[in-house]
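Computed from a predicted structure; not experimentally measured. Chain letters run A, B, ... following the sequence lines, proteins first and then strands; every chain starts at 1.
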Amino acid sequence: MTIIRFGYVAMSMNLQHASPSQTMTHKQFSGLKDEEAAIRKLERIAVSNIENCLRLLKHNVLHDIHFFRFSSKLIPLANHPDLAGWDFLTPLLPALGEIRSYLREHPMRVDFHPDHFVLLNSTDPQVMKNSLKTLRMHEGILDAMGIDPLHRCVLHVGGAHGDKEKAMEQFIHNWGLTPEGIQRMIMLENDDTVFSAFDALYLCEKLGVPLVFDLHHHMANEERDWTLDWTRVVATWKDSPLPLKMHISSPRSADDFKAHADYIDPHDFLGFLRQVEGSVDRIDCMIEAKQKDNALFKLMEELVQEEGVRRVDGSTIEIG
DNA sequence: CGACGTCAAGTATAA
DNA sequence: TTATACTTGACGTCG
């Protein structure tokens, strides 16, 4: 028997004017004459983004959703070199404190997926430095929200630069340059073109990092049968206080296989569920679909029609 | 108001 | 070496 909780990413299709990712581009910022005023504007945008996160958390509680990925665009230009001296965190502490209080009363699994330019396997020291800076920002936000940063940031392995083996060894090398506090935040995810689940498992096992298994990426990237190594995936979570986490999405079309569809095709996922059922007590399953929370609601309705699937609450099923 | 163009820290690929 | 695509949400502008 396995309990599966579904989560969704960053924004709701049901809340109006609740974007957690409002932004100001660097070009816009540079165009403003009064730099102090421009920074105050950035701070207003960031506070609004965090207030919208709180609205999203309340929306989640209202719909029995226990699993949510925050936007990683909460603080525009936080890590831009032109704003190196900006203390972006202090003005946000009151808003982050409200999230801390709310999450204390309504526990929910929350995490981040920093954007694709956060790379821990780059050979360019500047890219590595910026990546660590961005990860420290995530750590600061989590701390201010009162969340233990352990296993709260999903990353891909990074670029291959034409030599996958070498790029993986570079990851291991750079891991040694990564502060322990950042290391413990990280989970690794297989990608859809270069680093398969088996590549990622090599790194996860070597470095003691949980693997976030992305079923859609696996289908796009690998011929090999994932079930051969599923017990290895499960094992990467044995020292985590959090349930195994994975990602699901459906292909937009046969021709555009890698792109995410609006909703999840339940049959893409049901076969998987039937195979893993019983191998692990709990799975937290992040839905990456264009229709966000609506895709979650639709998938729930469809799955509970299926043989052997029982509804636990608005976002949770039990199978087996 | 809807349609369209612009922007984004890195990487991959084509020209 | 340089430019463009990738991806995707936000935002500004145009008609």
Side-chain angles (χ1 to χ4, degrees), chain A residues 8-32 38 41-42 44-53 56 69-84 86 88 112-138 153-164 166-168 170-171 174 189-195 199 214 216-217 220-221 247 249-253 255-263 286-295:
Chain A
Y8 71 100
V9 175
M11 60 187 283
S12 164
M13 304 309 281
N14 296 290
L15 293 185
Q16 301 298 309
H17 308 295
S19 168
S21 311
Q22 300 160 97
T23 192
M24 190 195 307
T25 65
H26 181 248
K27 190 161 182 162
Q28 291 171 299
F29 178 82
S30 327
L32 296 173
K41 187 170 177 189
L42 285 174
R44 282 199 303 277
I45 292 170
V47 167
S48 166
N49 284 341
I50 292 162
E51 288 171 349
N52 284 339
C53 283
L56 286 157
R69 178 193 300 169
F70 284 120
S71 164
S72 277
K73 300 187 205 297
L74 295 175
I75 313 176
L77 304 178
N79 303 299
H80 198 283
D82 283 5
L83 286 128
W86 175 34
F88 52 77
F112 285 105
H113 195 339
D115 288 304
H116 64 285
F117 45 82
V118 174
L119 297 159
L120 287 184
N121 83 330
S122 180
T123 49
D124 180 342
Q126 196 57 48
V127 171
M128 180 65 185
K129 202 177 149 197
N130 282 342
S131 297
L132 290 177
K133 191 177 169 194
T134 305
L135 289 168
R136 275 195 295 274
M137 174 192 79
H138 285 83
C153 281
V154 190
L155 295 182
H156 291 285
V157 177
H161 296 285
D163 187 340
K164 193 167 86 169
K166 198 174 154 197
M168 288 202 285
Q170 186 71 43
F171 190 100
N174 289 7
E189 178 189 352
N190 55 306
D191 68 60
D192 56 3
T193 49
V194 182
F195 297 102
D199 299 326
D214 187 310
H216 183 193
H217 288 168
N221 192 10
H247 292 169
S249 43
S250 288
R252 170 141 288 238
S253 67
D255 288 342
D256 196 9
F257 189 85
K258 289 174 182 172
H260 290 176
D262 288 352
Y263 295 97
M286 182 56 73
I287 291 172
E288 296 181 326
K290 300 249 179 222
Q291 291 299 314
K292 310 290 180 187
D293 51 341
N294 282 349

[atom1] gap between [N] and [M], integer Å:
N	M	atom1	answer
B/dG5	C/dT4	C1'	16 Å
B/dA14	C/dT7	P	15 Å
B/dA3	C/dC6	P	22 Å

Query raised in the report: Checking A/H260 side chain against A/K290 main chain: does a donor-acceptor pair fall under 3.5 Å?
Result: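 Flag not set: sc A/H260 to bb A/K290 has no pair under 3.5 Å.
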Query raised in the report: Between the side chain of A/R69 and the main-chain N/O of A/F112, is any donor-acceptor distance below 3.5 Å?
Result: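 A pair under 3.5 Å: no.
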Whole Å only: how far is the [atom1] atom of [X] from the [atom2] atom of [N]?
X	N	atom1	atom2	result
A/L42	C/dC11	CG	P	12 Å
A/Q22	B/dA8	CD	P	19 Å
A/F70	C/dG9	CZ	C1'	18 Å
A/Q28	B/dG5	CD	C1'	13 Å
A/D191	C/dT7	CG	P	13 Å
A/H113	C/dT8	NE2	C1'	14 Å
A/H17	C/dC11	NE2	P	12 Å
A/M24	C/dG12	CE	P	10 Å

Requested in this report: Give a yes/no answer on whether the side chain of A/T25 brings an N or O atom under 4.0 Å of OP1 or OP2 in B/dA8.
Outcome: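 Answer no for this pair, as no side-chain N or O of A/T25 is under 4.0 Å from OP1 or OP2.
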How far apart are the closest heavy atoms of [X] and [Y], and which atoms are they?
X	Y	value
A/M137	A/N79	SD-ND2, 3.7 Å
A/N221	A/D191	ND2-O, 3.1 Å
A/A84	A/K133	CA-NZ, 4.3 Å

Query - Nearest-neighbour nucleotide for the A/H260 side chain, C/dG9, B/dC7, C/dT8 considered - result: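 Between C/dG9, B/dC7, C/dT8, the one nearest the side chain of A/H260 would be C/dT8.
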Report task. May I ask you to say what A/K258 touches in the nucleic acid, namely base, sugar-phosphate or nothing, with a heavy-atom cut-off under 4.0 Å? Result ->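 A/K258: no heavy atom of the nucleic acid under 4.0 Å.
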Query raised in the report: Counting any heavy atom closer than 4.0 Å, what does A/S71 reach on the DNA or RNA strands: base, sugar-phosphate only, or nothing?
Result: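 If one applies the 4.0 Å heavy-atom cut-off, A/S71 turns out to touch nothing in the nucleic acid.
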Atom pairs, N/O to N/O, protein against nucleotides 9-15 of chain B, distance under 3.5 Å?
residue : atom : partner : partner atom : Å
B/dA12  : OP1  : A/A160  : N            : 2.7
B/dA12  : OP1  : A/H161  : N            : 3.3
B/dA12  : OP2  : A/H161  : N            : 3.4
B/dA12  : OP2  : A/H161  : ND1          : 3.4

Report task. Answer yes or no: are there more than 12 heavy-atom neighbours, outside A/K41 itself, under 6.0 Å from its atom NZ? Result ->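 12 or below, so no.
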Query raised in the report: Do the ring planes of A/H26 and A/F29 sit parallel (below 30°), tilted (30 to 60°) or perpendicular (above 60°)?
Result: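 Parallel, since the angle between the ring planes stays under 30°.
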Query raised in the report: Could you give the distance from CG (A/N49) to CD1 (A/I75), rounded to the nearest 0.5 Å?
Result: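 Separation between the atoms: 9.0 Å.
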Query raised in the report: Between A/H216, A/H217, A/E189, which is the residue that forms a side chain to side chain donor-acceptor pair (under 3.5 Å) with A/H247?
Result: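 Result: among A/H216, A/H217, A/E189, A/E189 is the only option passing the side chain to side chain donor-acceptor pair (under 3.5 Å) with A/H247.
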**Report entry** Range-with-range stems for DNA chain B, at least three Watson-Crick or G-U pairs under 3.5 Å
**Finding:**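 As far as DNA chain B goes, consecutive pairing (with distances under 3.5 Å) yields the stems B:1-8 with C:8-15, B:10-15 with C:1-6.
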Requested in this report: Could you tell me which residues satisfy ring pair (Phe, Tyr, Trp, His ring centres under 6.0 Å) with A/F117, sequence neighbours excluded, listed by chain and number?
Outcome: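 Here no residue qualifies.
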